[in-house]
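I have placed the structure first, in the form of structure tokens, so that the comments after it can refer back to it.
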There are 2 protein chains.
Amino acid sequence: MIGFEHHNHADCISTSVEAADNYCRTAGLQLTPARRRVLEILLGEHRALGAYDILEILAKNGFAAQPPVAYRALDFLVKHGFAHRIERLNAFVACAHPGIEHDPSFLLCRICDAVAEAQSDAASGRLGKVAETTGFKIERAVVEAVGVCPNCRGET
Amino acid sequence: MIGFEHHNHADCISTSVEAADNYCRTAGLQLTPARRRVLEILLGEHRALGAYDILEILAKNGFAAQPPVAYRALDFLVKHGFAHRIERLNAFVACAHPGIEHDPSFLLCRICDAVAEAQSDAASGRLGKVAETTGFKIERAVVEAVGVCPNCRGET
DNA sequence: TGTTGATATGTTATACTATAACGATTAGCA
DNA sequence: TGCTAATCGTTATAGTATAACATATCAACA
């Protein structure tokens with residue numbers, strides 16, 4: 001699980017962007033400049049960024065500074081699995097396992113706002129059983145866990 | 001699990017409000033008129049209501065129509081476990097198991113907006129293991145599953 | 001080549017969600 | 001009674017997100 005360890009960001013970013021690039025080419029999607037830049041921005045942080053944070057950075061990069069510019073790019077990235085939206089934070093984060101079909105789960109540090117993405121099996125556990133019994137058909141299940149990350153635990 | 005079945009609302013509401021009333025008296029909390037009315041409103045629907053939906057109803061009931069009136073009551077209800085906030089919908093729902101300490105899980109119908117609350121074991125399953133390995137301490141874990149409820153499945 | 005249709009962008013305006021701040025009031029209790 | 005904390009009334013503003021419409025780009029294809 002990516003998230004709380006230190007690692008080489010520059011590599012991490014360029015590799016991921018390149019992967020997205022290839023995927024889009026294959027799938028007939030357009031990774032336009034704004035979309036690519038937003039993906040780079042998200043990859044540059046292992047924490048969630050609000051749409052307006054991103055918008056601000058885009059503006060400094062010569063893009064238009066209207067909210068739809070950021071929201072459209074984010075919608076694209078989320079729709080195609082390059083990023084996830086974190087409901088609890090009204091914010092967005094780059095996907096840690098792009099290309100793999102998955103329901104994301106997040107570990108959110110309430111102290112430093114770091115975000116780690118993990119896999120969970122919520123839909124197949126107890127919740128899945130309840131849903132099955134009731135006749136509810138689960139299409140997506142996201143888990144957002146709030147707590148304290150290893151770095152912040154050490155520092156208290 | 002309460003949620004998708006038909007049942008007697010009037011009983012359901014008065015019983016729950018009474019329970020909240022008793023709990024508050026015991027715990028030294030004030031279930032003031034606005035708080036009580038908001039709880040009743042939430043119990044009257046088995047779906048999530050936005051703060052401004054509630055505010056509108058409060059206004060018709062003679063309460064002040066400023067946002068803080070609704071938010072304060074909702075904060076109180078959520079804090080003490082009488083209601084939950086559903087992040088995905090920016091909305092609130094009455095708790096289906098008040099008095100019991102629990103991390104709520106929700107089944108959200110994307111067609112009719114019905115909400116059912118269930119128990120899950122997200123924090124003790126795969127996600128819990130990952131967290132443990134990493135050193136992340138989970139304090140709360142909420143699951144929000146989107147899908148189609150039994151009633152809407154029948155009607156397609 | 002020129003038309004067409006789908007996709008993406010620029011831009012303005014507005015809707016929706018939530019909280020800060022401060023003074024007035026009330027409840028519970030020493 | 002008088003103190004203290006909790007609650008409420010009110011104004012203002014911050015933060016998040018989308019509607020709507022005009023323009024532009026580009027690939028497919030007659």
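In what follows, chains carry the letters A, B, and so on, assigned in the order in which the sequence lines appear, proteins first and then strands, with residues in each chain numbered from 1.
Mapping B:Arg72 and B:Leu89 onto DNA chain C by nearest heavy atom places B:Leu89 closer to the 5' end of the strand. Comparing B:Gln30 and B:Pro68 against DNA chain D, the residue whose closest nucleotide sits nearer the 5' end is B:Gln30. Both A:Asn90 and B:Ala34 lie near DNA chain D, and the one whose nearest nucleotide falls closer to the 5' end is B:Ala34.
D:dA6 atom C1' lies 10 Å from atom NZ of B:Lys79, rounded to whole Å. In this structure, A:Asp75 atom CG and D:dA17 atom P are separated by 10 Å, rounded to whole Å. Going from atom CG of B:Leu74 over to atom P of D:dT7 covers 15 Å, rounded to whole Å. Per the geometry, CD belonging to B:Gln66 stands 17 Å off P belonging to C:dA20, to the nearest Å. When rounded to the nearest whole Å, the span between CD of B:Glu87 and C1' of C:dA18 equals 13 Å. The CZ atom of B:Phe76 sits 14 Å away from the C1' atom of C:dA27 (whole-angstrom rounding). Taking atom CD1 on B:Ile54 and atom C1' on C:dT17, their separation rounds to 13 Å, with Å as the unit.
Comparing C:dT19, D:dG9, D:dA17 by their closest approach to the side chain of B:Ala64 singles out D:dG9.
Within the 4.5 Å cutoff, the side chain of A:Phe63 has no heavy atoms near those of the A:Ile57 side chain.
The pair B:Glu132-B:Lys129 does not count as a salt bridge, with every side-chain nitrogen at least 4.0 angstrom from each carboxylate oxygen.
Considering only side-chain N and O atoms, A:Arg35 lies nowhere under 4.0 angstrom from the phosphate OP1 or OP2 of C:dT7.
Hydrophobic cluster membership is shared by A:Leu43 and A:Val38, with clusters built from Ile, Leu, Val, Met, Phe, Trp and Tyr side chains linked at under 4.5 angstrom.
Judged by distance alone with a 3.5 Å cut-off, no donor-acceptor contact links the side chain of A:Tyr52 to the base of D:dA14.
Judged by distance alone, with hydrogens and angles left aside, the side-chain atoms of A:Arg153 form a donor-acceptor pair with the main-chain N or O of B:Gly135 at under 3.5 Å.
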